[in-house]
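Nothing fancy with the numbering, it's 1 onward along the sequence.
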Amino acid sequence: MRSLMIQDLTRNPRQSLFAFVKTLVTLGVSVAAIIAFSGCVNLKISTPKQRYYTLESSTTIQSRIKSERKHQCVTATTTTLRLEIEAPTYIDTQQILLHTTSSELTPLPDTKLLGLPTELMTQALQARAAKKCALLSPLATTPMTLRVSLRDMGIIEDEKVAFVTINYIFFLGQEIQQGDTFTIISDVVHEGLVWNTHGQILALQRAFDYALDEIIRYMELDIINYKPKK
């Protein structure tokens, strides 16, 4: 628009100057009208704040960090296991699922996990196992394999609980030595939590804390019972 005005001025200065002033007046009225209108209508759009969570409670993480500073394992006594973790695609997502009264699965609004559940479980189990002088690695080629399947997880609105269902299998070579399926339930009210988003997340984290501890307890027993003799 500005380049057209400059071109018009160079062709017929007097006529173009009048047209230019007239255009500015018209433009000034339009801008004033727009400013007046925008003062009446708030065009600012506010978006909900996205919150991110881990599967472990902050209390557990802080406690582990403190203990890791004091705990050391001798390399000769460290046991290495292959770690396999799996989960259905609808569970292995950053969304936290809420089981509603109408039997629907809906994502908990404005909340997400920091990563996929299988990734977060891998990190949490590796950290817990290290305290027991065990090394869990998806790349290990040892005879002992620990396979953990996250069967289900979520928050049940009707019962005000969070739950985690785990399938645990311990292999020695290609043979299954031990296996179990268990569900950990964390009651929001019983845990002294308020039934809101924060309380729901804390209940889910506590359920996972118990589930991960149970996996490590199984692992310790299986290492004692089935570790190959040198």
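Around OH of Tyr226, the count of heavy atoms belonging to other residues, nucleotides or ligands within 6.0 Å exceeds 12.
For the pair Tyr90/Gln95, no side-chain contact is recorded, criterion being any heavy-atom separation below 4.5 Å from C-beta on. Residues Met219 and Leu136 have side chains in contact (heavy-atom distance under 4.5 Å, counting atoms from C-beta outward). By the 4.5 Å heavy-atom criterion applied to side chains, Leu125 and Ile85 are counted as neighbours. Side-chain contact between Lys49 and Asp110 is absent, with no heavy-atom pair separated by less than 4.5 Å. For the pair Val188/Val161, no side-chain contact is recorded, criterion being any heavy-atom separation below 4.5 Å from C-beta on.
Listed for the Asp92 side chain is a donor-acceptor partner under 3.5 Å among the backbone atoms of Thr118. Within the 3.5 Å criterion, the main-chain N or O of Thr80 finds a donor-acceptor partner in the side chain of Thr142. At distances below 3.5 Å, at least one donor-acceptor pair connects side-chain atoms of Thr111 with backbone N or O atoms of Leu108.
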Exercise for the section: Apply the test side-chain contact (heavy atoms from CB on, under 4.5 Å) to residues Leu83 and Thr122: give CA-CA distance (whole Å), side-chain angles for both, the deciding distance (0.1 Å), then the verdict. Expected result: CA-CA 8 Å; Leu83 177 64; Thr122 298; 4.1 Å; yes
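Of all the heavy atoms in Ser137 and Gln126, the pair that sits closest is CA-NE2, 4.3 Å. The minimum heavy-atom distance between Met121 and Leu55, with the atom names listed, is CG-CD1, 4.0 Å. Across every non-hydrogen atom of Gln205 and Thr54, the tightest pair is NE2-O, 3.1 Å.
The salt bridge (charged side-chain N to carboxylate O under 4.0 Å, His left out) analysis of residues 150-176, with sequence neighbours excluded, yields no pairs.
Partners of Tyr53 by ring pair (Phe, Tyr, Trp, His ring centres under 6.0 Å), not counting sequence neighbours: none found.
Using modelled atom types and a 3.5 Å distance limit, the side chains of Tyr168 and Asp222 yield a donor-acceptor pair.
Linking Ile, Leu, Val, Met, Phe, Trp and Tyr whenever their side-chain heavy atoms come within less than 4.5 Å leaves Leu135 and Ile215 in two separate clusters.
Comment: Glu214 engages Arg217 in a salt bridge, judged by a side-chain N to carboxylate O separation of less than 4.0 angstrom.
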